[in-house]
Amino acid sequence: MRDLRRGFLATLPLAPGVVAFGLLYGMMARQVGFSPWGACAMSLAVHAGSAQFTALGMWGASGAIPIILTTLVVNLRHLLMGASIAPHLEDLSRPWKALLALWMSDESYALAIAEYQRGPGNRWYFLGANVGIYVAWGISGLMGGLLGTAVPDPERYGLELIFPLGFLGLLTTFLEDRVGVIVAFASGALALVGAFLLPGKWYVIAAGLLGSALGAVLEERQTRGDVGQ
Amino acid sequence: MKDFLIVAGMALVTYATRYAMIAALGSRASFGNEETDPSLFRRWLRYVPPAVLAALIVPPVVAPEGQIEPGLRVWATIIGAIVAWRTRSALWTIMSGMVVFWLLRLLGG
């Protein structure tokens, strides 16, 4: 229970960013015809910011299947996140795995995987982080729907910067060795190139796959070099 | 009713992306014994978190609107990176980066 609270509290620095975009989402949902409660229901059911904003942009103009397929594509990066956190969950029961997957967001994944990397990570911490982001996203979606056009633009206050800064603080956990540092720099550069060449969020998947493959290859060579000496 | 079905479909496919790999890889049998067989696959997975985190950081800071935009965000993130390196704390990285961003903006940067 202590870890549940720790995981929950760890989301607080990210919460202003989540809430700012939750308010914006609620306002935009209202504009395409959702009630405040309908906007909140989508946030609670789907819980994926980028996909929800994309869906709102298509709402009314596109059919059900294009919206659902686009949602799937925008969220494919979860496959990489799930694959990398799976080894930490291998002792858990199936219901626990299903529960932890349910509200795994970019933010709660980042918090949980860094905590596992540091050592003391566990299912309660992960759950607490999931719940913290989930609650902030759900409530702010409702509030945005109720406030309507009174919602401030998050970019006016630079609040979108909270996410990369938070991820940066967590990234340091993975930079203990030379290979980790190389992977981080290479992936950042690859992501930037990918952001220009690829649509949507494909750059996360491309850089995530290529950068981590580079890490595995470098480690392999390093290990062989050690053996040879 | 149609809106309800679309939201339900979105929820379903989103959950599938979250659960698929955890279900497929989340058991010991998926990996073999790490001591005796540190498979290339397992080693590859270890580098996925830094790769994904770096990918979530760079484009939104450097090219938020799809083109390179050197400016306040980049300076704030560089200061944030120094603080991250010294403190290893998400909280302090966010606080320092945001304060630098707001100060630079106040100064008319």
Side-chain angles (χ1 to χ4, degrees), chain A residues 13 41-42 45-46 48 51 55 64 67-68 71-72 75-76 78-87 89-90 97-98 101-102 104 106 110 113 158 160-174 180 183-184 187-188 191-192 195 203-204 207-208 211-213 215-216 219-220, chain B residues 2-3 5-11 13-15 17-23 25-28 31 40 42-64 66 72-73 76-77 80-81 84-85 88-95 97-98 101-102 105:
Chain A
M42 194 211 273
V46 181
I67 294 178
I68 292 169
T71 301
L72 174 67
N75 286 324
L76 282 178
H78 291 145
L79 293 175
L80 265 184
M81 291 156 44
S84 64
I85 209 160
L89 309 180
E90 57 192 12
K97 287 177 200 163
L102 184 57
M104 180 179 76
D106 292 1
I113 197 80
E160 77 281 3
L161 203 53
I162 286 178
F163 301 110
L165 287 170
F167 294 142
L168 190 55
L170 297 167
L171 173 64
T172 54
T173 314
F174 298 91
V183 167
S187 306
L192 191 57
Y203 68 85
V204 178
S212 54
E219 195 190 284
E220 177 89 359
Chain B
K2 190 181 164 227
D3 287 358
L5 287 176
I6 298 177
V7 171
M10 290 171 65
V13 295
T14 303
Y15 186 62
T17 61
R18 289 187 168 126
Y19 187 49
M21 295 312 254
I22 290 176
L25 302 178
S27 67
R28 290 200 178 280
F31 297 103
L40 189 63
R42 200 187 254 273
R43 267 182 271 171
W44 168 68
L45 280 184
R46 275 214 295 264
Y47 290 104
V48 168
V52 167
L53 290 176
L56 289 171
I57 294 165
V58 175
V61 168
V62 179
L72 303 190
R73 283 191 190 82
T77 305
W85 173 47
R88 298 176 176 254
S89 149
L91 172 65
W92 288 110
T93 307
I94 291 171
M95 299 251 281
M98 291 311 293
F101 179 83
W102 288 326
R105 178 171 274 185

Undergrad: What verdict does the side-chain contact (heavy atoms from CB on, under 4.5 Å) test give for A:Leu161 and B:Met98, after you've listed the backbone C-alpha separation in whole Å, the side-chain angles of each residue and the deciding distance to 0.1 Å?
TA: CA-CA 7 Å; A:Leu161 203 53; B:Met98 291 311 293; 3.9 Å; yes
Undergrad: Taking all non-hydrogen atoms of both residues into account, name the closest pair between B:Arg42 and A:Pro87 and its distance.
TA: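 Smallest heavy-atom distance, with atoms named: NH1-CB, 4.2 Å.
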Undergrad: Kindly compute the distance separating CE (A:Met81) from CE (B:Met21), expressed to the nearest 0.5 Å.
TA: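 Rounded to the nearest 0.5 Å, the CE-CE separation comes to 12.5 Å.
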Undergrad: Minimum heavy-atom separation for A:Met104 to B:Arg18, with atom names?
TA: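 Here A:Met104 and B:Arg18 meet closest at O-NE, 2.6 Å.
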Undergrad: Which atoms of B:Tyr19 are under 4.5 Å from chain A, going by heavy atoms: the side chain, the backbone, both sets, or neither?
TA: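 When you check distances to chain A, atoms from both the backbone and side chain of B:Tyr19 fall under 4.5 Å.
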Undergrad: Sort A:Ile68 into side chain, backbone, both or neither according to what part of it lies under 4.5 angstrom from a heavy atom of chain B.
TA: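 For A:Ile68, the contact with chain B is made by backbone and side chain together.
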Undergrad: When only pairs under 4.5 Å are counted, which of B:Ala90, B:Gly9, B:Gly97, B:Pro49 shares the most heavy-atom pairs with chain A?
TA: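 The option with the most such pairs is B:Pro49.
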Undergrad: OG1/B:Thr77 to CG/A:Leu165 distance, rounded to the nearest 0.5 angstrom?
TA: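 These two atoms lie 5.0 Å from each other.
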Undergrad: Working to the nearest 0.5 Å, report the span between OG1 of B:Thr14 and NE2 of A:His78.
TA: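 Between B:Thr14 OG1 and A:His78 NE2, I get 7.0 Å after rounding to 0.5 Å.
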Undergrad: Rounded to the nearest 0.5 Å, what's the gap from OG1 on B:Thr93 to CG on A:Leu168? Could you check?
TA: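 Those atoms lie 6.0 Å apart.
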Undergrad: CD1/B:Ile57 to CG/A:Leu192 distance, rounded to the nearest 0.5 angstrom?
TA: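 Atom-to-atom, B:Ile57:CD1 and A:Leu192:CG are 13.0 Å apart.
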Undergrad: Between B:Tyr15 (side chain only) and A:Ala98 (backbone N and O only), is there a donor and an acceptor less than 3.5 Å apart?
TA: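 Yes, the answer is positive, given that a donor and an acceptor are paired below the 3.5 Å cut-off.
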Undergrad: What residue among A:Leu170, A:Thr172, A:Leu171, A:Ile113 forms side chain to side chain contact (heavy atoms under 4.5 Å, CB included) with B:Pro50?
TA: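 Going through the options one by one, the only one that passes is A:Leu171.
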Undergrad: Of all the heavy-atom pairs spanning A:Pro164 and B:Leu56, show the shortest one and how long it is.
TA: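 Taking every non-hydrogen atom into account, CB-O, 4.5 Å.
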Undergrad: So, for A:Ala110 and B:Leu53, which heavy atoms are closest and what is the spacing to 0.1 Å?
TA: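 Minimum heavy-atom separation between A:Ala110 and B:Leu53: CB-CD2, 3.6 Å.
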Undergrad: Heavy-atom pairs under 4.5 Å with chain B - which of A:Asp106, A:Val204, A:Leu102 has more of them than the others?
TA: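 So the answer, after comparing A:Asp106, A:Val204, A:Leu102, is A:Leu102.
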Undergrad: Could you grab the distance from atom CG of B:Leu5 to atom CD1 of A:Ile67, nearest 0.5 Å is fine?
TA: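 B:Leu5 CG to A:Ile67 CD1: 12.0 Å, rounded to 0.5 Å.
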Undergrad: Between A:Phe163 and B:Pro60, is there a side-chain heavy-atom distance shorter than 4.5 Å?
TA: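 Answer no - side chains too far apart.
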Undergrad: How close do A:Ala216 and B:Trp44 get, heavy atom to heavy atom, and via which atoms?
TA: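 Heavy-atom minimum between the residues: CB-CA, 3.7 Å.
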Undergrad: Would you mind checking which part of B:Trp85 comes under 4.5 Å of any heavy atom in chain A, side chain (CB onward), backbone (N, CA, C, O), both or neither?
TA: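 Answer is backbone: N, CA, C or O of B:Trp85 sit under 4.5 Å from chain A.
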Undergrad: At their closest point, which heavy atom of B:Ile22 faces which heavy atom of A:Ala101, and how far apart are they?
TA: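 In this case the closest contact between B:Ile22 and A:Ala101 is CD1-CB, 4.0 Å.
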Undergrad: Contact part of A:Ala51 toward chain B, heavy-atom cut-off under 4.5 Å: side chain, backbone, both or neither?
TA: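 For A:Ala51, backbone heavy atoms alone lie under 4.5 Å from chain B.
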Undergrad: With a 4.5 angstrom heavy-atom cut-off, which part of B:Ala76 approaches chain A: side chain, backbone, both or neither?
TA: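 Contact with chain A: backbone and side chain both.
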Undergrad: Can you tell me which portion of B:Trp102 sits under 4.5 Å from chain A's heavy atoms? Options are side chain, backbone, both or neither.
TA: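 Side chain of B:Trp102 only, per the 4.5 Å heavy-atom cut-off to chain A.
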